There are 2 protein chains.
Amino acid sequence: MSGGHVAKASTVYDVAAHSGVSIATVSRVLRRPGDVRASTRERVLASVRELGYVPSAAARGLAASRTGVLGLYFPSLDAMEELGDAEFLPAPGAPLVDLVVDMPDSGVVRPPNLYFDEVLRGSEFEAWRQGFALMVGVGRGTNPTDMVGDIAGRVDGMAILAQSVSAEVLEHVSRRIPVVLIAGPRRGDDFDHVSVGNTEGMQALTTHLIDGCAVTDFAYVAGPVDSPDDAERHAGFVAALHSRGLDPAQVPVHRGEFSRLRGRAVASTLLDGRRMPRAVVCANDQMALGVLDVLGAHGVSVPGDVIVTGFDGIEAGRQASPRLTTVRQPMVDLGRAAMRAILSRLENPDQAPISLRLPVKVLLRESSEGHL
Amino acid sequence: MSGGHVAKASTVYDVAAHSGVSIATVSRVLRRPGDVRASTRERVLASVRELGYVPSAAARGLAASRTGVLGLYFPSLDAMEELGDAEFLPAPGAPLVDLVVDMPDSGVVRPPNLYFDEVLRGSEFEAWRQGFALMVGVGRGTNPTDMVGDIAGRVDGMAILAQSVSAEVLEHVSRRIPVVLIAGPRRGDDFDHVSVGNTEGMQALTTHLIDGCAVTDFAYVAGPVDSPDDAERHAGFVAALHSRGLDPAQVPVHRGEFSRLRGRAVASTLLDGRRMPRAVVCANDQMALGVLDVLGAHGVSVPGDVIVTGFDGIEAGRQASPRLTTVRQPMVDLGRAAMRAILSRLENPDQAPISLRLPVKVLLRESSEGHL
DNA sequence: CTGAAAGCGCTTACAG
DNA sequence: CTGAAAGCGCTTACAG
């Protein structure tokens, strides 16, 4: 029989005794096999197999003062909020299947959260390529401090994707390991930082709407007031207007909070207004999709009557009807770049602070088409 | 100035010296604050802050013989395959924004991979709730053995989502830590195992098609031959037919490999055939969406002419037109249940093997509607 | 190529 | 409530 028998785990000592060598040799077989005579090596390896020996990363990490793990900290994931303390395990004997008629509007729209998922994927991939494991932590309201510190103690370096982490914590943690900040604003000049061309992307898109689609009459749908991404994007929007002699002060700004639902609310407000703008520029795709929802339901033609644009490049925007013109940011690469930055800092602790900005891509699609 | 200065990290010894206590007291302040006099505690905490002390999880793990980390191993993520060795960092001076016309068929469809993402989320959430950190590892062709072993050495227990991990590795690893298998078939009776009601869900759905929609004429679109999920679902399909006196041998089975593209190919084949079945039952949503793509393009009415169903409950199926009738499996709960199983095993090593099966939900939507 | 020994930074009984 | 000391399981010069 196999599995399930977690007895006392064996150690280097067990393996050494079993194969008649010293623990140093066992360690060498595992770390630098080339340094050990072939016959010895085989003997040790056989013992490893026989004893089911798995090296303790804790001991290894302590001895080598290097964990081989990179960390990634996220702020709370929206999608997580739904998860609560409610019991999710089925009651014993509960039916394994339930049949329901799923009406079009039933159920909550699951926030895609592609952003985090993709940054995570990129991070995991790059960490793996570089021979590191990845530890992920998600902050959940309570105390980012504890969580961040917890991860910091376990890794050789970490990336933090959150403006919610205080400067003190960043300072504290960075005294132990390299910390790289993902997205958000640069925090002081001392932290390594990777981000995307938020401003540049929005400026290019807006400029295209003005030059290519002859738009002069905008509405802007912004995200949360405390979002640095939102601020950067809005700055790009404003810059484009300025550069073309339009007055940003004339453009009404609505707060959409980055959510599809709020995007819908904003669209309803717009419809109630005295007249529609020629283009509704949204600070992210979710809100733009919400705007499309409402305009579509009210028979407003997009892009015929109103042009709508987003930002992020999520898959849902590509499947929307009309497909959403947007700015795609390289989320996977953001994660990869963050891991690279950590490694780079690890190798060369004294190099100048890294501030890497990744390029974005303006994707012109049907929600602004006919004006290319 | 702050950040970026990774000097020699301070240790308990530094904190002890700085606050004039023993290292034991420093440890207590951090572990069981209640056992230390308030004034002492404050003094130590002040030193901790001042020195930027972050406890080493490696040392703690070694001393306490418990890492406080739970592991999660995935087989290779499809979406990861795209990522290669290609340089992804922008060349210095490269433009931060690029403007392109994104045609409807341009670009690769990013596989949503919601399955893994959701299992990961559930795992992270539950681990966090229980006071553990989560380490993730993604197998990538090379050697799952190494990766699994690597994770195993770093955690107190781990969940494995992969039929690709050999019995030997499972056996080996499980001698050190508790291992719980996610989805797939039960592997021997000794491993803890969590899965979903694949068979039951497909059986219920198929039974509904027969009883509620009067379908007697099916086509079945299966996944890869080596997929245990696929096997279970097909078994449910067959069972439903049997229970209603229909002959499964009469039903043509097409291999769709779980992909949308292959689903399309299968639909084309069906269209070329002498006649369409009344219902096309697919072993997952992706394939069903592919079938919908082609039927829609050829003016075949769904569900009027042909009923199409899927399995998984991905978001894209809910946004399809017509919305896809499917069986939703609780992917987030699968992750949560796996973590719970590990913890349960950790607390009670001698309990009988866990085999938990999570309930699924048949979601009746428009792709089979009008026959409720 | 191999072994003896120190040391990594904590936790935890055991005394007091 | 606090301290001295052993020990967790490795790695790594240092000898040989």
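Quick note on labels: first sequence line is chain A, next is B, and so on, each numbered from 1. Just so it is clear, the model here is predicted, and its values are computed rather than measured.
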Please report the C-alpha distance between B:Val173 and B:Ile151 in whole Å, then the side-chain angles of each, then the deciding distance to 0.1 Å, and finally whether the side chain to side chain contact (heavy atoms under 4.5 Å, CB included) criterion is met.
CA-CA 10 Å; B:Val173 165; B:Ile151 298 176; over 6 Å; no
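Across every non-hydrogen atom of B:Val138 and B:Tyr73, the tightest pair is C-CE1, 4.3 Å. Of all non-hydrogen atoms in A:Val69 and A:Arg154, the two that sit nearest each other are CB-O, 3.9 Å. Nearest approach of A:Leu161 to A:Ala183, heavy atoms of both residues: CD1-CB, 4.2 Å. Here the shortest heavy-atom pairing between B:Met147 and B:Gly137 reads CE-CA, 3.8 Å. The two residues B:Ser19 and B:Val44 have their closest heavy-atom pair at OG-CG2, 3.8 Å. Pairing each heavy atom of B:Val148 with each of B:Met158, the nearest pair is O-SD, 4.0 Å.
Of the charged side-chain nitrogens involved, none lies within less than 4.0 Å of a carboxylate oxygen, so that A:Arg121 and A:Glu124 do not count as a salt-bridged pair. Taking 4.0 Å as the cut-off between side-chain N and carboxylate O, A:Arg345 and A:Asp192 count as a salt-bridged pair.
A 4.5 Å side-chain heavy-atom check between B:Trp128 and B:Met339 finds every atom pair outside the cut-off.
Residue-level contact check: A:Val21 touches the backbone only, with heavy atoms under 4.0 Å from sugar-phosphate atoms and none from bases. As judged by a 4.0 angstrom heavy-atom cut-off over every strand, A:Arg31 is placed among residues touching the sugar-phosphate backbone only.
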Let's test your reading of the pairing rules: Watson-Crick or G-U wobble, both distances under 3.5 Å, then write DNA chain C as a dot-bracket string with ( ), [ ], | and dots.
|||.||||||||.|||
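With a heavy-atom cut-off of 4.0 Å to chain A, the contacted part of DNA chain D has its first and last nucleotide at D:dG9 to D:dA13.
Comparing the same atom, C1', in D:dT12 and in D:dG16 gives a spacing of 16 Å after rounding to whole Å.
The stretch residues 42-68 of chain B touches DNA chain D through B:Leu62, B:Ala63, each having a heavy atom within less than 4.0 Å of the strand.
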